[in-house]
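See below for the structure under consideration.
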Protein chains: 2
Amino acid sequence: MSFDAVARVRRFNRAVTSEVGALDTSFLGRGRPLGSARVLNAIGHGRGDVGELRDYLGLDSGLMSRLLRGLEEEGLVETVPQTGDARRRIARLTAAGEAEFEAYETISDAQAAALLQRDPHAESLLAAMDRVAVALGRARITIEEQDPRGPAARVCLERYYAELARRFEQGFDVARSRDPDAADMVRPRGAFLLAMLDGGPLGCVGLKGQGGEMGEIKRLWVAEAARGFGLARLLMQAAENAAREIGIGVLRLDTNRALPEARRLYETSGWTEIPRFNDDPYPDAFFEKRF
Amino acid sequence: MSFDAVARVRRFNRAVTSEVGALDTSFLGRGRPLGSARVLNAIGHGRGDVGELRDYLGLDSGLMSRLLRGLEEEGLVETVPQTGDARRRIARLTAAGEAEFEAYETISDAQAAALLQRDPHAESLLAAMDRVAVALGRARITIEEQDPRGPAARVCLERYYAELARRFEQGFDVARSRDPDAADMVRPRGAFLLAMLDGGPLGCVGLKGQGGEMGEIKRLWVAEAARGFGLARLLMQAAENAAREIGIGVLRLDTNRALPEARRLYETSGWTEIPRFNDDPYPDAFFEKRF
DNA sequence: CCAATTGCCTGACTAAAGTCAGACATCATG
DNA sequence: CATGATGTCTGACTTTAGTCAGGCAATTGG
């Protein structure tokens, strides 16, 4: 590694600290101390369990309790005992709290949008941010099953199609391809899996079923920023597990020579090449796996 | 811009905040409140002037004064009146302060190194971090004249050569090229300019003189993360200004078709193509500018 | 040389953040 | 059903951070 690698990381830290600090102080603009604001936001983002909150924010139990009570007195939060274990408490936003939370979200969104706006090449900035987020948050990546028509899935699919269009010599048009029916990638027939980090998608794979024991893998894609971490393998694993649950015993897929990394993945994870099994104009290689 | 651009920025913010927070709390591990630690580090990084310090850290003058005195009592810092204006004061580290500062630096460096180490593709992570740092710190980029044999310059040149090797079909070997003598790129004969952000280089350009009114532009390079912001143009402008100061009235340069963005820059900033004027094996296009 | 300004310092605050010991209710278990 | 463990809350702190009004010395500009 070149001498200055560490210096480059530290330059990054410096640049980012001042930006993050700016966000913090802008939170103060709403007349609430940072601590309370952080608690309110964490609750708004779905962290209800008081213990989990304390853990996430790294606060002492006494301080946590006091902050919560402060928010309660403002009428922004209410806490109820957890059903099943009344020692634990769950905090949730009241209507007023929801409104206040939205105000903070608006501030954050506006700052993010402003940053993108003042950059002449926002797309490359976003890609770089994704890359950094993955490096820092790798441990938090999870595989989730979601509807292929949901927003996160749609983002993945759009980016997947765009990438195919870039990489195939003849371009790519979804309409000409054998686009699987969404219903075939939802239980009970199939499944659609997403790799998620902090609420946003990083990759996807579709398991298309037809009710029988045959299934097909479709739409395997990983965001460029998240490549090289074995995510594709994880997604495929999850898809195979789903197939097993659904009762599918034979999986097929098609691919193209313009995607050598995909081919390598299949070849090293138990797939065998078979003759063409469809008339889709794009693929030129076909694989099968039984289990 | 796709629907989720803002969401991606916010995911980045979240990932980075926890990392930065971790650094902050690790600073606390040395038993000093964050405020004092920040002052100590700012001084260590060469920010001596008390007013500048206050400005940089965004602190009230009273608080600043108190923090400084605290550090003085610990024997880490001493302040002396500025020669010329005894109202202003300059803070500098004592030997003990230097040692303490180094300890903080070591913590930061170790965290940075650990981050790189646990990433399977550190080079791409660094590139992404550079890209983000540029986006956030664009306003802080400056053009500085430095020795072409200094560390920052050497980093640039190495990356420049590596890029030529990647982009030229026949590769690139400095030894075979007309490598300018460093002394020709230092005053009084020439100059070497760097685009700097937060102490690290983002690009460079060499102005090679021979004592006469002819000069040559060499080694124009901008880090990939900083392209598209007009840095090359700024560097060229600075080189021309330096040429004017030195008494150079005619500038030449050579380039290669494998670098179309360079060619475009020359064509749109007053350069005219001329016949080959040297026998370097790599260039295939030659330009001149008079002023 | 006098008045206004500048740069830093001090004292006297307030607010926020963080700590710690114990109280209290609830839960799990033998 | 007694016992210990768990999760949250309360009260009584200390430490940091931040604010504001003046004070003092040095400097600047008539």
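Residue numbers start from 1 in every chain, and the chains themselves are labelled A, B, ... in the order their sequence lines are given, proteins ahead of strands.
Inter-residue side-chain proximity for Arg88(A) and Val50(A) is flagged as unmet; no heavy-atom pair is nearer than 4.5 Å. Taking the side chain as every heavy atom from C-beta outward, Arg10(A) and Gln111(B) never approach each other to under 4.5 Å. Side-chain atoms of Val186(A) and Pro148(A), non-hydrogen and from C-beta on, do get closer than 4.5 Å to each other. In this structure, the side chains of Val6(B) and Asp4(B) stay at 4.5 Å or more apart for every pair of heavy atoms. Contact check for Leu231(B) versus Arg138(B): no side-chain heavy atoms found under the 4.5 Å cut-off.
Residue pairs meeting the ring-ring contact (aromatic ring centres under 6.0 Å, His included) criterion with at least one partner in residues 106-131 of chain B, sequence neighbours excluded, are absent. The ring-ring contact (aromatic ring centres under 6.0 Å, His included) pairs that include a residue from residues 69-97 of chain B number zero, where partners must be two or more places apart or lie in different chains. Pairs engaging residues 75-108 of chain A under the ring-ring contact (aromatic ring centres under 6.0 Å, His included) rule: Phe27(A)-Tyr104(A), His45(A)-Phe101(A) [sequence neighbours left out].
For the pair Glu224(B) and Arg131(B), the salt-bridge criterion is not met [side-chain N within less than 4.0 Å of a carboxylate O].
Between Arg69(A) and the phosphate of dT8(D), there is no side-chain N or O to OP1/OP2 separation shorter than 4.0 Å.
On the nucleic acid side, DNA chain C has its first and last nucleotide under 4.0 Å of a heavy atom of chain A at dA16(C) to dC27(C), going 5' to 3'.
For the segment residues 44-66 of chain B, the set of residues with a heavy atom within less than 4.0 Å of an atom of DNA chain C comprises Val50(B), Gly51(B), Arg54(B), Ser61(B), Gly62(B), Ser65(B), Arg66(B), in numerical order. Taking every heavy atom of residues 78-91 of chain B and every atom of DNA chain C, pairs under 4.0 Å involve Arg87(B), Arg88(B), Arg89(B), by number.
Within a 6.0 Å radius of CZ in Arg233(B), more than 12 heavy atoms belonging to other residues, nucleotides or ligands are found.
When the P atom of dT16(D) is taken as reference, atom CZ of Arg38(B) falls 16 Å away, rounded to whole Å.
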